[in-house]
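Written below as structure tokens is the structure these notes are about.
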Amino acid sequence: MKKPKWVIEKEQGRKAAAAETVWLFGLHAVRDALENPAREKLRLMVTKNAADKLAEAIAKGGIEPEVVDPRKFTAPIDPQSVHQGAALEVKPLDWGSLTDRCLGDGQRPPRVVMLDRVTDPHNVGAILRSAEVFGAVAVVAPRHHSAPETGALAKTASGALERQPYLRVRNLSDAMEELRKMGYLLLGLDGEAEQTIEQAVEGHRDRPVALVLGAEGPGLRQKTRETCDALVKIEFAGSFGSLNVSNAAAVALYAAKG
């Protein structure tokens with residue numbers, strides 16, 4: 001009996017995920033990945049100078065480095081990348097299920113950042129840094145039309161990629177509904193909204209809150225907007241002004257803190 005198309009596609013997706021690897025580069029990103037016991041490490045390429053700087057992390061990582069000539073640094077990364085003589089091939093991190101990650105620690109009401117088609121790895125890397133600083137339990141994005149783990153994302157995240165859960169889900173609206181069932185208040189950022197973030201969370205700071213941000217320019221998609229409990233804005237001091245999505249995420253997390 002011939003397999004249905006959806007079964008074949010699912011199997012192909014599983015195989016592709018199993019085969020997927022990421023090349024991280026730069027001393028900071030490579031050091032943090034080497035020191036992360038949850039990270040599956042496959043291949044490490046370093047110059048002699050980088051190997052000396054990373055000696056402790058290499059020992060912790062338990063991987064034999066390939067020491068290469070700095071003039072013949074052949075790791076498969078963008079030639080323009082500032083690799084500082086270090087590149088590490090790894091498997092993407094597995095952070096587990098959305099439900100498990102977003103339960104929180106029971107000490108304070110959890111905060112989650114959800115990204116609607118934010119594809120720039122530099123923006124996502126910066127958002128991961130802010131999420132870590134402000135204690136968000138996860139950053140959530142759709143599997144398609146979002147920034148995957150890449151060397152550029154890891155470098156911008158400055159180590160946060162190894163510590164801050166970054167979950168990529170099949171469908172963002174479904175993930176939002178899942179969080180709603182867990183008691184989350186879903187707030188979508190929209191510059192034209194009537195109320196500010198502070199006004200929306202007033203009286204609800206003890207509840208879990210998910211902040212939903214769209215890509216710069218198009219903003220939130222219609223389906224995403226409709227799934228939010230409320231649309232909110234960041235109040236500006238003047239009549240004009242705008243923030244890029246990574247700055248907006250940082251301000252929103254601060255405004256919505258529990």
Can D100 and S97 be said to form a side-chain hydrogen bond (donor to acceptor under 3.5 Å, both in side chains), step by step?
CA-CA 5 Å; D100 289 345; S97 74; 3.2 Å; yes
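- Here the options are V30, V90, V67, the test is side-chain contact (heavy atoms from CB on, under 4.5 Å), and the partner is L44; only V30 passes.
- The minimum heavy-atom distance between L161 and A154, with the atom names listed, is CD2-CB, 3.6 Å.
- In terms of heavy atoms, L98 sits closest to L167 at CA-CD1, 3.8 Å.
- Note that the CG atom of L153 and the CG atom of L24 stand 9.5 Å from one another [nearest 0.5 Å].
- Between D94 and E40 there is no side-chain heavy-atom pair separated by less than 4.5 Å.
- Of all the heavy atoms in A75 and W23, the pair that sits closest is CB-CZ3, 4.2 Å.
- Annotation: side chain of L220 is in contact with side chain of L231 (closest heavy-atom distance under 4.5 Å).
- At a threshold of 4.5 Å between non-hydrogen side-chain atoms, the residues P110 and Y184 count as touching.
- The two residues A50 and L27 have their closest heavy-atom pair at CB-CD2, 4.0 Å.
- In this structure, the separation between NZ on K223 and CG on D174 is 7.5 Å, given to the nearest 0.5 Å.
- Within the 4.5 Å cutoff, the side chain of L115 has no heavy atoms near those of the V140 side chain.
- Counting heavy atoms from C-beta outward, L88 and I63 have side chains that approach closer than 4.5 Å.
- Taking each heavy atom of P165 and V137 in turn, the nearest pair found is CG-O, 3.4 Å.
- Salt bridge absent: D32 and R39 never bring a charged side-chain N and a carboxylate O closer than 4.0 Å.
- Residues P70 and N49 form no side-chain contact, since every pair of their non-hydrogen atoms from C-beta on lies 4.5 Å or further apart.
- For E177 and R180, the salt-bridge test passes: some basic side-chain N is under 4.0 Å from an acidic carboxylate O.
- In this structure, the separation between CZ on R129 and OG on S246 is 10.5 Å, given to the nearest 0.5 Å.
- Between I127 and A249, the shortest heavy-atom contact is CG1-CB, 3.9 Å.
- Using a 4.5 Å cut-off on side-chain heavy atoms (C-beta onward), Q84 and K155 make contact.
- Residues R168 and E20 are not paired through a salt bridge, judged by the lack of any N-O separation under 4.0 Å between the basic side chain and the carboxylate.
- In this structure, the separation between CG on L93 and CD on Q164 is 12.0 Å, given to the nearest 0.5 Å.
- Ring orientation note: the planes of F73 and H83 are close to parallel, at an angle under 30° on the 30°/60° scale.
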